[in-house]
Amino acid sequence: QVQLVESGGGSVQAGGSLRLSCKASRTYNTYCLAWFRQAPGKEREGVAVIVSGTGNTVYADSVKGRFTLSQDNDKQTSYLQMNSLKPEDTAVYYCAAATGMAAAQAYRDPLKKDSYNSWGQGTQVTVS
């Protein structure tokens, strides 16, 4: 497993932008790095995923065209750029990683939370 630390959450008005960061304690040859979010009373849902090797990204329909997931060249830090934020984007945002055997499952179902074996502590995003 890998240690993940998120930062960058906060409060913003609708239409504004925020950038979340996720620092991983190490890198792996095969992995998926993802962002999930959980609003009060709702299930944790996948928002965006980046797949190692290909660098391909997968986005939830609700954020396509507004959110962009990227990585530093060292692959240890990922960034979730969130634009055109809406009140319904309000949630605690979690960084997650699927490494080792979990990576194979995440490749098949990248937005499923059960595919991931490492989680950050979460960062609050509030859009009003």
Side-chain angles (χ1 to χ4, degrees):
Q1 294 187 346
V2 61
Q3 304 298 315
L4 302 168
V5 179
E6 303 104 333
S7 61
S11 297
V12 66
Q13 291 188 335
S17 299
L18 283 173
R19 190 176 80 156
L20 306 182
S21 300
C22 175
K23 175 74 172 180
S25 58
R26 57 165 293 179
T27 59
Y28 290 81
N29 290 331
T30 57
Y31 61 90
C32 288
L33 273 180
W35 283 91
F36 286 74
R37 66 186 182 186
Q38 188 166 17
K42 294 189 176 181
E43 292 286 321
R44 190 171 298 188
E45 63 172 353
V47 173
V49 179
I50 193 163
V51 179
S52 70
T54 63
N56 288 342
T57 50
V58 178
Y59 295 95
D61 289 342
S62 58
V63 306
K64 281 180 183 176
R66 302 188 298 122
F67 290 13
T68 303
L69 180 57
S70 61
Q71 283 184 291
D72 268 351
N73 289 335
D74 64 6
K75 303 290 193 281
Q76 282 190 261
T77 304
S78 67
Y79 303 97
L80 184 67
Q81 178 66 42
M82 306 185 295
N83 298 329
S84 302
L85 283 162
K86 305 175 181 179
E88 51 263 43
D89 294 317
T90 295
V92 177
Y93 284 70
Y94 297 90
C95 180
T99 58
M101 296 296 291
Q105 182 176 350
Y107 292 154
R108 292 191 298 269
D109 205 346
L111 292 176
K112 183 177 180 181
K113 64 180 185 296
D114 293 341
S115 301
Y116 293 83
N117 56 351
S118 297
W119 292 88
Q121 81 285 358
T123 185
Q124 177 71 45
V125 171
T126 302
V127 185
S128 59

Point-to-point distance, once rounded to the nearest 0.5 Å, from CG of Asp114 to CG of Asp109: 9.0 Å

Salt bridge (Lys or Arg N to Asp or Glu O under 4.0 Å) against Lys113, all qualifying residues, sequence neighbours excluded: Glu43

More than 12 heavy atoms of other groups within 6.0 Å of Gln3 CD: no

Spacing of OG belonging to Ser78 relative to CG belonging to Asp72, to within rounding of 0.5 Å: 9.0 Å

Interatomic distance, Thr57 atom OG1 to Leu33 atom CG [nearest 0.5 angstrom]: 12.5 Å

Close side-chain approach of Arg37 to Asp89, heavy-atom, < 4.5 Å: yes

Matching residue for Glu6 among Trp119, Trp35, Tyr93 - test: side chain to side chain contact (heavy atoms under 4.5 Å, CB included): Trp35

Arg19 to Tyr79, cation-pi by 6.0 Å centre distance and 45° axis angle: yes

Worked check of side chain to side chain contact (heavy atoms under 4.5 Å, CB included) between Leu111 and Glu45: CA-CA 7 Å; Leu111 292 176; Glu45 63 172 353; over 6 Å; no

Point-to-point distance, once rounded to the nearest 0.5 Å, from OH of Tyr31 to CG of Asn117: 14.0 Å

Plane angle bin for Tyr116 and Phe36 - parallel if under 30°, tilted between 30 and 60°, otherwise perpendicular: perpendicular

Gln13 CD: over 12 foreign heavy atoms closer than 6.0 Å: no

pair Val127-Glu88: side-chain heavy atoms closer than 4.5 Å: no

Pair Tyr59-Leu69, side chain to side chain contact (heavy atoms under 4.5 Å, CB included): steps then yes or no: CA-CA 9 Å; Tyr59 295 95; Leu69 180 57; 3.9 Å; yes

